[in-house]
Amino acid sequence: MPNVCIVIDIDIDIALPPDIDALIELESALFAEDAGQHDPLADTTWPQREGRQDFETLMASPDAEVFAARRGDVIVGLLVGYATKSSPTRQPVEFAILRSLYVAPEARRTGAATMLTDRFVEWARDRGCAEVHVDHYAANEAAGALYERSGFERRSVSRVLRLD
């Protein structure tokens, strides 16, 4: 399929506690689709077990944000991110980590992922963050292409040696 984006009525806003059940479903799908396929040690049951507490903690933190992509009353995407201080080996700045991004299959190619990413970058910029970081599985080429289109540059490569 060609790389075509059809923009439809999608709104991006801050997720609220009543949204948590929908967010858990989306994060469960992310774990199954992404980590479940690319990381043999991923615990794909984690969102169902720990998701509620995780989202409650994130929503209560002044250093984190959970964004929802909505089509009408239905949440079709999420982005989870937070700000953190740099390590002692780097200059003392704050940077943002884009932890999770997922758009339901029926809402892909609508611009939702780009809108979520742009909103998070805006949040990080408004906080005064020096950089936004994101990791993704090397085999997830769609994620890599999205982040490159959004201006992210490849800086480092992580490699794994399986010992089993």
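When reading the values below, keep in mind they use all heavy atoms of this one structure, side chains included, and skip hydrogens, waters and symmetry mates.
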For this session: Report, as yes or no, whether the 6.0 Å neighbourhood of atom CG on D135 holds more than 12 heavy atoms from other residues, nucleotides or ligands.
Result: no
For this session: Answer whether the closest heavy-atom distance between the side chains of T84 and D63 falls below 4.5 Å.
Result: no
For this session: Using a cut-off of 6.0 Å, state whether more than 12 heavy atoms not belonging to R125 lie near its atom CZ.
Result: no
Exercise. What are the two closest non-hydrogen atoms of Y102 and A29, and how far apart are they?
Worked result: OH-CB, 3.4 Å
Exercise. Are any side-chain N or O atoms of S28 and backbone N or O atoms of P47, one a donor and one an acceptor, separated by less than 3.5 Å?
Worked result: no
Problem set entry | 4.5 Å side-chain heavy-atom contact, R149 and T117 | no
Problem set entry | Backbone N/O of V103 and side chain of R108: donor-acceptor pair under 3.5 Å | yes
Exercise. Given the rule that I, L, V, M, F, W and Y join up when any side-chain heavy atoms are under 4.5 Å apart, are F31 and Y137 in one cluster?
Worked result: no
Exercise. Is it the case that more than 12 heavy atoms not belonging to R159 sit under 6.0 Å from its CZ atom?
Worked result: no
Exercise. Between E131 and R155, is the closest basic N to carboxylate O distance under 4.0 Å?
Worked result: yes
Problem set entry | Nearest-0.5 Å distance that lies between atom CG in D43 and atom CD in Q48 | 11.5 Å
Exercise. Do the side chain of T57 and the main chain of Q53 share a donor and acceptor less than 3.5 angstrom apart?
Worked result: yes
Problem set entry | Side-chain heavy atoms of S100 within contact of L30, under 4.5 Å | yes
Seminar exercise, completed: In this structure, CD of E122 is separated from CE of M115 (nearest 0.5 Å) by 13.0 Å
Seminar exercise, completed: CG (L58) and CG (L23) are apart, to the nearest 0.5 Å, by 10.0 Å
Exercise. Cluster question for you: counting only ILVMFWY and a side-chain heavy-atom cut-off of under 4.5 Å, with indirect links fine, are V134 and Y82 together?
Worked result: no
Exercise. Out of curiosity, does F67 fall in the hydrophobic cluster containing V132 (side-chain heavy atoms, cut-off under 4.5 Å, transitive links)?
Worked result: yes
Exercise. Is the shortest heavy-atom distance from the side chain of E106 to the side chain of V74 under 4.5 Å?
Worked result: no
Problem set entry | Sidechain-backbone polar pair: D126 side chain, W123 backbone, donor-acceptor under 3.5 Å | no
Problem set entry | For the student: nearest non-hydrogen atoms of A112 and I12, plus distance | O-CD1, 4.3 Å
Problem set entry | Same cluster (ILVMFWY, side-chain, under 4.5 Å), L26 and V76 | no
For this session: Output the distance between atom CD (E50) and atom OG1 (T45), rounded to the nearest 0.5 Å.
Result: 9.0 Å
Exercise. Is there a path of hydrophobic side-chain contacts, each under 4.5 Å between heavy atoms of I, L, V, M, F, W or Y residues, that connects I75 with F55?
Worked result: yes
For this session: Looking only at non-hydrogen atoms, find the nearest pair between G81 and F120 and report the distance.
Result: CA-CE1, 3.5 Å
For this session: Measure the CZ-CD1 distance between R71 and I10 for me, rounded to the nearest 0.5 Å.
Result: 5.0 Å
Problem set entry | Atom of I14, atom of R70 and distance for their closest heavy-atom approach | O-NH2, 4.2 Å
Problem set entry | Reported CG-to-CZ distance for the pair D54 and R49, which is rounded to 0.5 angstrom | 12.0 Å
Exercise. Would you say the side chain of L146 lies within less than 4.5 Å of the side chain of H136, judging by non-hydrogen atoms?
Worked result: no
Exercise. Does a side-chain heavy-atom distance below 4.5 Å link R154 with Y147?
Worked result: no
Exercise. Do you know the tightest heavy-atom contact between L98 and L101?
Worked result: CD2-CB, 4.0 Å
Seminar exercise, completed: For G77 and L116, the nearest pair of non-hydrogen atoms, with its separation, is C-CD1, 4.1 Å
For this session: In sequence, state the C-alpha distance, the side-chain angles, and the governing distance for R119 and L79, and then conclude on side chain to side chain contact (heavy atoms under 4.5 Å, CB included).
Result: CA-CA 9 Å; R119 181 74 182 270; L79 185 147; over 6 Å; no
